[in-house]
Amino acid sequence: MMRAASITDDALQILRRLGVHQLPDGLWAFTDVDTARNAYVHHSTWPAALCAYAAVDTTFAADRRPGWTLIEMMHKVPSMDGGEKAALAATCGSPVPAADYHIASAAFGSAVWEIIGRYELAGCFQRMGQSYGSGGEHYKMRPRGMDWIGDGEILPDQMAAMRKAYRSMTPIQQVMVLTLLHLYLTRPDKHFLLGGCKTKVLAADALRILQEHDDALPLWGTLVSNYVGW
């Protein structure tokens, strides 16, 4: 397992290659706009890169990766290494992610339930009575709409209620739902937010929405950067 100092050093190198740095007052700026505009970005670095560019200018971020959705961004998170996660955390104003798996799992689980509680997402997610994994409170979280205790079949009434709850949510709530759901799925959604649910939220727009709500971005960054999977 990588040490915290090591992933922090890796994060700084990634941010330099992206052409972004943090000023003494805490704001983010381009070290060189041409570098930021033209730097090669590995596929697993894109979540961190978009967060870095959005920290400077969300319009620039949108132009740098046009058409990229929040869902597509979340599906890249499992491929990220420690340095990439640390770079994402830094540009979201989040603490350095844990290098130890068990500590990261605890941080991730805590962030999952804090987001569900703070943003009132119980219409889309439920807490199970038992953990379906080896440690971490996130293992008790499941999307609503399926018989998780039995055979995993769709429960039509509960699924309809989940979708109705999502459609009635504010943009920040929907961003958090999509983040949690697609970190959980790590693949296209074939069951849950269908039937007229607006899910094609651009990643740069999602970051702008997070920036506009106090403490939302640092909490989101803590969640994503400590991702350990289900």
Side-chain angles (χ1 to χ4, degrees), residues 46-48 50-51 53-55 58-59 61-62 65-78 80 88-89 91-94 108-128 137-138 140-146 148 154-227 229-230:
W46 264 114
L50 203 76
C51 288
Y53 294 140
T58 54
T59 299
R65 189 70 191 266
W68 205 40
T69 67
L70 174 61
I71 289 173
E72 292 171 320
M73 184 181 186
M74 291 304 97
H75 291 175
K76 287 294 182 184
V77 172
M80 296 173 70
L88 182 147
T91 55
C92 290
S94 310
F108 181 67
S110 177
V112 165
W113 290 109
E114 184 174 352
I115 287 172
I116 290 172
R118 183 187 298 185
Y119 294 98
E120 301 180 341
L121 308 183
C124 290
F125 302 102
Q126 62 184 347
R127 180 184 285 271
M128 307 302 294
E137 285 297 302
H138 61 288
K140 296 179 181 178
M141 187 279 278
R142 289 291 183 271
R144 291 192 181 275
M146 283 191 172
W148 296 109
I154 290 175
L155 303 173
D157 290 346
Q158 291 188 24
M159 191 68 77
M162 179 203 184
R163 294 168 182 168
K164 181 178 180 181
Y166 176 83
R167 289 194 294 267
S168 69
M169 288 178 174
T170 63
I172 184 64
Q173 288 176 304
Q174 291 183 343
V175 165
M176 292 302 193
V177 168
L178 291 173
T179 297
L180 287 171
L181 180 62
H182 284 274
L183 286 177
Y184 175 79
L185 294 175
T186 67
R187 62 186 183 275
D189 177 12
K190 296 182 179 180
H191 300 293
F192 299 101
L193 297 180
L194 310 179
C197 294
K198 181 184 176 182
T199 60
K200 191 175 181 180
V201 178
L202 296 179
D205 289 343
L207 291 169
R208 176 183 52 76
I209 291 167
L210 289 163
Q211 290 173 357
E212 291 171 350
H213 291 78
D214 290 345
D215 299 326
L217 184 61
L219 178 55
W220 180 91
T222 295
L223 174 81
V224 175
S225 64
N226 284 287
Y227 172 81
W230 268 268

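Quick caveat, the model's predicted, so the values are computed rather than measured. One is the number of the first residue; the rest follow in order along the sequence.
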Worksheet item: For E114, does the CD atom have more than 12 heavy-atom neighbours from other residues, nucleotides or ligands under 6.0 Å away?
Response: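 It does: E114 CD has more than 12 such atoms within range.
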
From [atom1] ([X]) to [atom2] ([Y]), nearest 0.5 Å:
{"X": "L217", "Y": "I209", "atom1": "CG", "atom2": "CD1", "result": "12.0 Å"}
{"X": "K140", "Y": "W230", "atom1": "NZ", "atom2": "CH2", "result": "14.5 Å"}
{"X": "R163", "Y": "C197", "atom1": "CZ", "atom2": "SG", "result": "6.5 Å"}
{"X": "S94", "Y": "N226", "atom1": "OG", "atom2": "CG", "result": "8.5 Å"}
{"X": "Y184", "Y": "H138", "atom1": "OH", "atom2": "NE2", "result": "11.0 Å"}

Are [X] and [Y] side-chain neighbours, meaning at least one heavy-atom pair lies under 4.5 Å?
{"X": "T186", "Y": "Y227", "value": "yes"}
{"X": "L180", "Y": "L223", "value": "yes"}
{"X": "R187", "Y": "H182", "value": "no"}
{"X": "D205", "Y": "L70", "value": "no"}
{"X": "I116", "Y": "V112", "value": "yes"}
{"X": "L207", "Y": "C51", "value": "yes"}
{"X": "L193", "Y": "D189", "value": "yes"}
{"X": "R127", "Y": "M141", "value": "no"}

Discussion item. Between L121 and M176, does the side chain to side chain contact (heavy atoms under 4.5 Å, CB included) criterion hold? Intermediate values first, please.
Written reply: CA-CA 8 Å; L121 308 183; M176 292 302 193; 3.8 Å; yes

Under 3.5 Å: donor-acceptor pair, side chain of [X], backbone of [Y]:
{"X": "Y166", "Y": "K198", "result": "yes"}
{"X": "Q173", "Y": "Y119", "result": "yes"}
{"X": "E72", "Y": "T69", "result": "yes"}
{"X": "T91", "Y": "L88", "result": "yes"}
{"X": "Q211", "Y": "A206", "result": "no"}

Heavy-atom pair with the smallest gap, counting every atom of [X] and [Y]:
{"X": "L178", "Y": "T199", "result": "CD1-O, 3.6 Å"}
{"X": "A61", "Y": "L50", "result": "O-CD1, 3.5 Å"}
{"X": "V177", "Y": "M169", "result": "CG2-SD, 3.7 Å"}
{"X": "A122", "Y": "R144", "result": "O-NE, 2.5 Å"}
{"X": "T58", "Y": "A204", "result": "O-CB, 4.1 Å"}
{"X": "P143", "Y": "M162", "result": "CB-CE, 4.3 Å"}

Item to complete: Could you walk me through whether W46 and K76 pass the side chain to side chain contact (heavy atoms under 4.5 Å, CB included) test, one step at a time?
Response: CA-CA 8 Å; W46 264 114; K76 287 294 182 184; 5.6 Å; no

Worksheet item: So which pairs with a foot in residues 186-225 pass ring pair (Phe, Tyr, Trp, His ring centres under 6.0 Å), sequence neighbours left out?
Response: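 Matches after skipping sequence neighbours: none remain.
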
Worksheet item: Under a 4.0 Å N-O cut-off, is there an ion pair linking E212 with R208?
Response: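 A salt bridge links E212 with R208.
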
Practice prompt. Compute the ring centroids of F108 and W113, then answer whether they are less than 6.0 Å apart.
Written response: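 F108 vs W113: aromatic centres not under 6.0 Å.
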
Worksheet entry | ring-ring contact (aromatic ring centres under 6.0 Å, His included) involving F125 - partner list, sequence neighbours excluded |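 Partners of F125 under the ring-ring contact (aromatic ring centres under 6.0 Å, His included) test: none.
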
Fill in: Identified side chain to side chain contact (heavy atoms under 4.5 Å, CB included) counterpart of T179 within the set Q174, M73, M74
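The option that passes is M74.
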
